[in-house]
Amino acid sequence: MSAPEQAGPSTARAQPVAPRHRRATRPGWHRPAAIGVLVAGCIVALFFLYLHQSRTQAVDADGAGNVLQAWDMLHGNPLLRGWWLSDVSFYTTELPQYALIAWVRGLGPDVVHVGGAMTYLLVMICAALLAKGDATGRDAAIRVLVPVGIMLGPQVGVGSYVLLLNPAHVGTGVPVLLTWLVLDRLKQQWYVPIIVGVLLTWGAVADPLVTYIAAAPLVFVALLRLLGRRDAWWFNLGLAAAGGASYGLSTLILHTIKSAGGFSVAAPVKSLTTWAAFHTNLRSTFEDVLLLFGADLYRVVPQTDIFQQPANPHGPFDIIVATVHLVGLALVCAAVAATLWRFWRRAAPIEQLILVGIAVDFIAFLVRARPDQNLTNSRQIVLVLPLGAVLAGRFVARFVAKRRAVHRGRVLAALALVFGVYSAGLLYNLHVDEVPAQAQEVADWLEQHDLHYGVAGYWGASPITVDSGNRVKVRPVVAVGNYMVPAAWESSLEWYDPHKYNATFAVIDNLNASYAAYLTEAQATTALGKPAERHQIGAYTILIWHNKNLLDRPGA
């Protein structure tokens, strides 16, 4: 055998086997898609959880009045001609939202519940996005999950009423947070001040609170950074101009609407508290903050609200969840302190704006005179919750990033445990029963007895109208001597025309002492004379007059 023949087999064995051809694949898209589906599923689940929790509180006159305004806009009165609104119009925020919901679902109290759940969820999403900023990976996850956790489980009872029911400044968080999102994401582009000015104007038309907690802080921070030569001078000058212009434009828009025959907005209360009352304000503000953050443990004796629902934690698990919610509040307090410490040198512009907005909101709340002291006053500082949660998300992410790996794992495990308790608390809130609409039994009785137009005090009127789907119309009035006059608050002048409407009954709301004071049976009989019939339906008294229009005024 020759040499080449001897070498052949070994040479053949030494040759590498050609690899199989593998089909080229595109970059992986499965993980982002799975995350997107998971997030969407969580959002849907949260909406229905919040919807249930909203339904544990009965819609009252404030929310019902907003529903009737949206219904009127939907039926050919976009400027709300003839309407007297409260000191907050909600004209560009919740009212269009309510109109859309009513268009889909019809007129009824559930418009308020759906709107409340939707609004709170939108605010939470905006807060999470703002906390995230341009972070990625683990840092982004922490920034998002911390504010979501802090806002995740509103407390049952009054907490549900303030955060998940009527329009009460919660929805104002949407234009404010969207404005800060634009400023945070688009950076120093020439058009950013214009967008910021438009968004602030949109919000301020609906709620003057935007001017105090967003526009004014924007002017202050922009001028401060301009003087300190931070960022481009033209950009800070443009932002300051946008903040100032938003106040002027929103005022002009509201004045123009009124001049064109549209709605008028009541003047807000501007009186300052006394020194003695200031100390009371401090004590009540402490509990207001606890309530907003789901940690109201201030009262030892369990109490109930006017609808006999729990107004503070009363069971062992309620108390555990509320106690753990103190962690979220502590994180916000730590974030506020850290932002104040690094305010000038290292704080991002968004963090500066949020800190100044929180400070202005708190100071105004403390020095403002309050007609009464109750937990629903917390609605006036409700935006401290999402704004503080944004600061907390950014603060915790920085804190975790500076820890060693072993300590970082422990911190993340503790945060995961807290988040788990918050989630369990939200699910536990499902045990609270939903309640029927306020005065639903009255609306049903009136419709059954063919009574379709009447009057009542403020708190008893519009809820009955909404409960009946507008088939029974009850209008808010005030007794003045021997006749009734319109209650010029969340009502329309058109309702009181005696040539168009014949009011034959009055509803006296005895649900609680505060509601009863708006129209008593004695006031009604003094103004209208002795009724032909008197009926008692639960906590409500129905007085009926035959052959008498209660809208008629003597000498008119």
From CA spacing to verdict: side chain to side chain donor-acceptor pair (under 3.5 Å), D288, S378: CA-CA 5 Å; D288 290 335; S378 59; 4.6 Å; no
Residue list, side chain to side chain donor-acceptor pair (under 3.5 Å) with [X], at least two apart or on another chain:
| X | result |
| --- | --- |
| D509 | none |
| D87 | none |
| N502 | none |
| E494 | K500, Y501 |

Heavy-atom side-chain contact between F343 and L224 under 4.5 Å: yes
L391 and V332, any side-chain heavy atoms less than 4.5 Å apart: no
Tabulate below the donor-acceptor pairs under 3.5 Å that side-chain atoms of residues 252-261 make, not counting sequence neighbours, or state none.
{"from": "T256", "atom 1": "OG1", "to": "L252", "atom 2": "O", "distance (Å)": "2.7"}
{"from": "S259", "atom 1": "OG", "to": "H255", "atom 2": "O", "distance (Å)": "2.9"}

Partners passing salt bridge (charged side-chain N to carboxylate O under 4.0 Å, His left out) against E441 (at least two apart in sequence or in another chain): none
Pairing residues for R225 by the salt bridge (charged side-chain N to carboxylate O under 4.0 Å, His left out) criterion, not counting sequence neighbours: D231
Non-neighbouring partners of F278 that pass ring pair (Phe, Tyr, Trp, His ring centres under 6.0 Å), sequence neighbours left out: W275
Note: R55-D110 ion pair, threshold 4.0 Å (strictly below): yes
Distance-only criterion, 3.5 Å: show the donor-acceptor pairs between side-chain atoms of residues 470-481 and protein atoms not counting sequence neighbours.
{"from": "R471", "atom 1": "NE", "to": "E447", "atom 2": "OE1", "distance (Å)": "3.4"}
{"from": "R471", "atom 1": "NE", "to": "E447", "atom 2": "OE2", "distance (Å)": "2.7"}
{"from": "R471", "atom 1": "NE", "to": "S468", "atom 2": "O", "distance (Å)": "3.1"}
{"from": "R471", "atom 1": "NH1", "to": "S468", "atom 2": "O", "distance (Å)": "3.2"}
{"from": "R471", "atom 1": "NH2", "to": "S468", "atom 2": "O", "distance (Å)": "2.9"}
{"from": "K473", "atom 1": "NZ", "to": "N470", "atom 2": "O", "distance (Å)": "2.8"}
{"from": "R475", "atom 1": "NE", "to": "Y453", "atom 2": "OH", "distance (Å)": "3.2"}

Ring pair (Phe, Tyr, Trp, His ring centres under 6.0 Å) partners of residues 82-119, not counting sequence neighbours, each pair once: W83-W495, Y91-F263
Ring pair (Phe, Tyr, Trp, His ring centres under 6.0 Å) partners of residues 173-192, not counting sequence neighbours, each pair once: none
S160 (side chain) donor-acceptor with Q155 (main chain) under 3.5 angstrom: yes
Output side-chain donor-acceptor pairs under 3.5 Å for residues 211-219, partner residues at least two apart or in another chain, one line each.
none

Distance (rounded to the nearest 0.5 Å) between L355 CG and T339 OG1: 6.0 Å
